[in-house]
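Written out below as structure tokens is the structure these notes cover.
Every heavy atom of this structure was used, including side-chain atoms; hydrogens, water molecules and symmetry mates were not. By convention here, the first residue in the shown sequence is residue 1.
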Amino acid sequence: MTTQTRKLQWPTTSPRSKPYDWCKCGHCPAMSTEVESICCKEVDQVQVMMDAIPGDLSCITLHPGFDAVCLNIYVLQTAYLTFRQYHGQLTDDENKRNRYIAYRQFVRWCWGWLGRHVRIRLPACAVTCIRNAFPAPDGQYNGFKFE
């Protein structure tokens, strides 16, 4: 029995090497690959979260829920305990573990439950904010891969 990964399609324009070409929120840096270069303003589910706040929220990272759900170390520690219960222990590298759980938290916050093996691209602004909060010691990251 094989497991298939469902790929969700996102709007893209090419090329996306410079953030001012595609970023609408003003917080997206240039990403290492074109597939990672997506702005929060381009993702419907993320825009729904932004629209839930009165006023014109320019970026999802400015949403009061973003810090609480994705960057609060106590929330991430608790989410990791739940993850570990069902999936086993992750790496001993605390920042790498926190990044992984923060990405999962962001997905859960915006999309709810997607199902097993469903991978989605996250906005560059959110990814960068999480990476800045929990940096890799060498500054190298795997980036998004569909598989």
Side-chain angles (χ1 to χ4, degrees), residues 3-13 16 19 21-147:
T3 321
Q4 291 188 351
T5 302
R6 181 170 46 136
K7 298 175 187 173
L8 301 178
Q9 299 299 316
W10 299 107
T12 59
T13 59
R16 289 184 167 231
D21 288 338
W22 52 269
C23 177
K24 306 291 185 245
C25 73
H27 292 90
C28 298
M31 299 301 280
S32 58
T33 65
E34 201 169 311
V35 75
E36 295 174 285
S37 301
I38 186 166
C39 180
C40 63
K41 295 278 192 174
E42 296 179 284
V43 183
D44 291 341
Q45 287 301 116
V46 176
Q47 189 63 51
V48 167
M49 295 305 291
M50 292 168 60
D51 291 343
I53 298 297
D56 186 23
L57 195 60
S58 63
C59 180
I60 193 63
T61 62
L62 302 176
H63 189 295
F66 183 82
D67 282 359
V69 172
C70 302
L71 301 181
N72 183 299
I73 192 70
Y74 303 109
V75 169
L76 297 178
Q77 287 171 351
T78 304
Y80 174 63
L81 293 175
T82 302
F83 175 90
R84 191 177 71 186
Q85 178 181 351
Y86 293 102
H87 304 287
Q89 185 169 334
L90 288 174
T91 177
D92 289 333
D93 179 340
E94 189 174 352
N95 276 356
K96 185 174 184 177
R97 182 175 62 229
N98 284 333
R99 278 192 312 275
Y100 180 77
I101 296 299
Y103 300 146
R104 288 177 60 94
Q105 287 285 101
F106 184 80
V107 169
R108 179 62 63 118
W109 182 49
C110 293
W111 283 269
W113 188 74
L114 293 175
R116 290 186 62 171
H117 307 290
V118 178
R119 300 185 47 82
I120 58 172
R121 297 185 301 160
L122 302 182
C125 48
V127 169
T128 300
C129 194
I130 291 168
R131 286 178 178 176
N132 288 340
F134 308 107
D138 60 1
Q140 300 296 310
Y141 302 96
N142 292 331
F144 178 81
K145 296 176 183 131
F146 277 113
E147 303 299 326

### Query
Does the side chain of His27 reach to within under 4.5 Å of the side chain of Ser58, using non-hydrogen atoms?
yes
### Nearest heavy-atom neighbours spanning Cys25 and Cys39
N-SG, 3.4 Å
### Message
Determine whether Arg131 and Tyr103 satisfy the following criterion, side-chain contact (heavy atoms from CB on, under 4.5 Å), listing intermediate values before the conclusion.
### Response
CA-CA 10 Å; Arg131 286 178 178 176; Tyr103 300 146; 3.5 Å; yes
### Task
Provide the closest heavy-atom pair for Asn95 versus Asp93 in the form atom of the first, atom of the second, distance.
N-OD1, 3.1 Å
### Task
Calculate, to the nearest 0.5 Å, the distance between atoms CG and CD belonging to Asn98 and Gln77 respectively.
7.0 Å
### Query
Any side-chain heavy atom of Val75 within less than 4.5 Å of one from Gln105?
yes
### Min side-chain heavy-atom separation Tyr100-Tyr80 under 4.5 Å
no
### Summary
Value for NZ (Lys24) from NZ (Lys41), rounded to nearest 0.5 Å, stands at 11.0 Å
### Query
Can you find a heavy atom in the side chain of Phe106 that is under 4.5 Å from one in the side chain of Ile120?
no
### Query
Counting only N and O atoms by type, is there a donor-acceptor contact under 3.5 Å from the side chain of His63 to the main-chain atoms of Met49?
yes
### Query
Is there a side-chain contact (heavy atoms from CB on, under 4.5 Å) between Met31 and Thr128 once you walk through the steps?
CA-CA 9 Å; Met31 299 301 280; Thr128 300; 3.9 Å; yes
### Query
Which atom names give the shortest non-hydrogen contact between Cys110 and Gln45, and what distance separates them?
O-NE2, 3.1 Å
### Task
Would you name the heavy atoms of Arg99 and Phe134 that are closest together and state the gap between them?
NH1-O, 2.6 Å
### Message
Show, in sequence, the C-alpha distance, side-chain angles and deciding distance for Leu71 and Ile130, and conclude whether the side-chain contact (heavy atoms from CB on, under 4.5 Å) test is met.
### Response
CA-CA 7 Å; Leu71 301 181; Ile130 291 168; 4.1 Å; yes
### Query
At their closest point, which heavy atom of Asp92 faces which heavy atom of Gln89, and how far apart are they?
OD1-NE2, 3.1 Å
#### Entry: Arg97 side chain to Leu90 backbone, donor-acceptor under 3.5 Å
no
### Message
For a quick test of reading the model, state the closest non-hydrogen atom pair linking Cys70 to Leu76 and the distance between them.
### Response
O-CD1, 3.6 Å
### Task
May I ask you to establish whether Arg104 and Phe83 are in a cation-pi arrangement, using a distance under 6.0 Å from NZ or CZ to the six-membered ring centre and at most 45° from the ring axis?
no
### Task
Measure the CG-SG distance between Leu62 and Cys125 for me, rounded to the nearest 0.5 Å.
8.5 Å
